[in-house]
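Have a look at the structure below, then the notes.
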Amino acid sequence: MIVSRSASPGSGRHKTVVIADDSAVVRGLFARWLGETGNFHVVAVAGDGETALAHAGRFKPDVLVLDLDMRGVDGPSALPHILRESPHTSILLAATLNERNTRLALECMTKGAMDLVSKPDSRAGMTLSLDFRSEFLLKLGNIAQSATQPGTLPPEVDLGWPAGHTDLRPLVWAMPRYLLIGASTGGPRAVARVLFDIGDALRDITTLVVQHMPPLFTASFAEQVASHVGIPTREPFDGERLARGTVYIAPGGRHLGIDRRLGHIVAAISDGPPVNFCRPAVDVLFADAARHLGAAALGLVLTGMGSDGTDGAAALRQAGAAVVAQDEQSSTIWGMPGSVVRARHASAVAPLDEIGGAIRALLRGAPPA
C-alpha cells in the first residue's frame with residue numbers, strides 16, 4: 001500500500017519512512033503518530049516482508065520500521081534483502097518480546113538493524129501507552145537524524161591513529177587486565193565484532209560490557225557472544241568474583257559496577273536510579289573501575305545515542321587508564337563516543353575494524369598491524 005500525502009513547504013526536510021507490520025491497526029497507528037510530528041513522510045506501508053522489500057527498493061527510505069512477525073516473508077528473512085536493496089536505509093525493529101523474538105531481534109541487530117522498540121502485548125495497550133509512543137518516536141527520530149547529521153569535532157582534537165598503525169602501547173601505562181566496553185544503539189554488532197577480533201587473547205583479561213538493553217535481551221546476548229567468540233560469557237550476580245577469561249554482560253535494567261570485597265574484585269549489581277537516563281549505565285561501570293582498577297583497566301566506548309560514558313571516561317583517564325572511542329564513520333550513531341571525544345577524554349579514536357586487532361596485539365605483545 002502506498003501512502004499519499006501532500007507536500008508541505010518544509011517537506012524537503014522530512015525523513016521518509018516505510019512501515020512494515022503484520023497488523024493494519026499498528027500500521028495506521030504508527031503512520032498517524034509520525035504524521036502528527038510534522039517531521040516524517042510515510043511513503044508506504046506493508047503487511048509482509050516481500051512488500052516491504054519492494055517498497056525499500058522503490059523509495060529508498062531513510063527509515064524502515066520492520067515487524068519481526070509477519071505472514072509470508074517475515075522480518076528476519078526480509079532484513080538482509082532490504083539492506084542489500086537499500087543500504088542507506090536505517091532499520092528500526094518492532095516486536096512484542098518473548099524468548100523467540102528476543103533471539104531473532106538480537107540476530108537482526110548483529111546483521112544491520114539499528115534498534116528495537118518493544119510493542120505492548122495488546123493493541124489497546126499500544127494505543128493507550130504514552131511511554132511506548134514516546135519511545136517509538138524518540139528512537140525513530142534519532143536513527144533518522146544520525147544518518148544525515150555528522151558530529152562536530154573541534155579542529156584541535158585529532159586523536160585518530162594513522163591508517164594501518166594501530167599501536168596502543170604508547171597510550172597505556174600498564175598492561176591492562178580488565179577491558180570495559182560501553183555501547184548502545186548499534187552496539188550488539190559492534191561489541192561482537194570487537195570481541196571476535198580480540199579472539200583468544202580475551203582469555204588473558206576480564207571483560208565487562210554495558211550494552212543498553214531491556215531485561216529480556218541481555219541473557220540472550222550473552223549466549224550469542226559466547227557462541228560467536230568461544231569465550232565464557234554470562235550475566236554476573238552481585239558479589240561474584242570476576243574471573244580472567246570471562247566476558248560479563250550487564251543484566252538488562254540493572255547497573256553493573258565493580259567493588260572490592262574481602263580483597264577480591266567482584267561484580268556489583270544494583271537497582272540504583274538511572275544515570276544519564278540509562279540503567280545499566282556505562283558511567284557506573286567506568287567510575288567504579290577508575291576507583292578500584294586504575295591503570296589496570298582499558299575503556300572502550302562504542303556506537304550509541306546520548307552521552308553515557310563521558311563522565312566515566314574522565315574518571316578512567318584521571319586514574320591512569322586509557323580510553324578508546326569508536327570513530328564517527330564506523331559508528332551507527334556517534335553519540336556516546338563522540339561525546340567522549342569532544343570532552344577530550346579519549347586516548348585515541350579508531351574505526352571499528354581496527355579496534356579489536358589493536359587490543360589483541362597489545363595483550364599479546366605483538367607489533368602493531
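Below, all heavy atoms of this structure are taken into account, side chains as well, without hydrogens, waters or symmetry copies. These numbers were taken from a predicted model, which means no experiment stands behind them.
- Remark: of the listed residues Leu92, Ile82, Asp74, Ile19, Ile82 is the sole one forming a side chain to side chain contact (heavy atoms under 4.5 Å, CB included) with Leu66.
- In this structure a side-chain-to-backbone donor-acceptor pair under 3.5 Å is missing from Thr16 to His41.
- For Glu36 and Arg32, the salt-bridge test passes: some basic side-chain N is under 4.0 Å from an acidic carboxylate O.
- Between Ser220 and Gln224, the side chains place no donor N or O within less than 3.5 Å of an acceptor N or O (distance only, hydrogens not considered).
- In summary, the side chains of His55 and Arg58 do not present any donor paired with an acceptor at a separation below 3.5 Å, with no hydrogens or angles considered.
- When hydrophobic clusters are built by joining Ile, Leu, Val, Met, Phe, Trp and Tyr residues whose side-chain heavy atoms come closer than 4.5 Å, directly or via intermediates, Val301 is grouped together with Leu316.
- At a threshold of 4.0 Å, the pair Glu107-Arg189 does not count as salt-bridged, since none of the basic side-chain nitrogens sits closer than that to a carboxylate oxygen.
- For the residue pair Asp131 and Ser134, no side-chain donor N or O sits within less than 3.5 Å of a side-chain acceptor on the partner.
- Salt bridge status for Asp288 with Arg291: present, with a side-chain N to carboxylate O gap under 4.0 Å.
- Every pair passing ring-ring contact (aromatic ring centres under 6.0 Å, His included) that includes a residue from residues 218-256 is listed here, sequence neighbours excluded: Phe196-His228.
- A salt bridge does not link Arg360 to Asp204: none of the charged side-chain nitrogens sits closer than 4.0 Å to a carboxylate oxygen.
- Under the side-chain contact (heavy atoms from CB on, under 4.5 Å) criterion, Ala315 pairs with Ala290, not counting sequence neighbours.
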message: The test is side-chain contact (heavy atoms from CB on, under 4.5 Å); show your working for Val282 and Met336 and say whether it passes.
response: CA-CA 10 Å; Val282 181; Met336 287 166 48; 3.9 Å; yes

- request: Check step by step if side-chain contact (heavy atoms from CB on, under 4.5 Å) holds for Ile258 and Leu208.
  value: CA-CA 10 Å; Ile258 292 174; Leu208 297 97; 4.2 Å; yes

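- Every pair passing salt bridge (charged side-chain N to carboxylate O under 4.0 Å, His left out) that includes a residue from residues 263-285 is listed here, sequence neighbours excluded: Arg254-Asp271.
- Applying the side chain to side chain donor-acceptor pair (under 3.5 Å) rule to Arg193 yields the partners Asp197; only residues at least two apart in sequence or on another chain are considered.
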- request: Check the pair Asp69 / Lys119 against salt bridge (charged side-chain N to carboxylate O under 4.0 Å, His left out), numbers first and verdict last.
  value: CA-CA 12 Å; Asp69 294 311; Lys119 296 191 291 188; over 6 Å; no

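- In this structure, the side chain of Thr37 engages the main chain of Asn39 through a donor-acceptor pair within 3.5 Å.
- Ion pairing of Arg27 with Asp21 is absent here, as no side-chain N (NZ or NE/NH1/NH2) approaches a carboxylate O to less than 4.0 Å.
- If you run side chain to side chain contact (heavy atoms under 4.5 Å, CB included) between Leu256 and each of Asp238, Ile269, Val209, Ile249, only Ile269 comes through.
- Checked by atom type, the side-chain pair Thr218/Glu235 shows a donor-acceptor distance below 3.5 Å.
- For residues 269-312, no pair satisfies ring-ring contact (aromatic ring centres under 6.0 Å, His included), with sequence neighbours left out.
- Without hydrogens or angle criteria, Thr233 side chain to Ile231 main chain gives a donor-acceptor distance under 3.5 Å.
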query: Going through the distances and angles, do Leu68 and Arg100 end up as a side-chain contact (heavy atoms from CB on, under 4.5 Å)?
result: CA-CA 10 Å; Leu68 290 179; Arg100 170 185 176 274; 5.7 Å; no

message: Could you walk me through whether Phe40 and His14 satisfy the side-chain contact (heavy atoms from CB on, under 4.5 Å) test, starting with their C-alpha distance in whole Å, then the side-chain angles of each, then the deciding distance to 0.1 Å, before giving a yes or no?
response: CA-CA 5 Å; Phe40 300 97; His14 290 180; 5.9 Å; no

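- For the pair Ser77 (side chain) and Val73 (backbone), a donor-acceptor distance under 3.5 Å is absent.
- For the side-chain contact (heavy atoms from CB on, under 4.5 Å) test, residues two or more places apart in sequence or in another chain that qualify with Ala343 are Thr310, His345.
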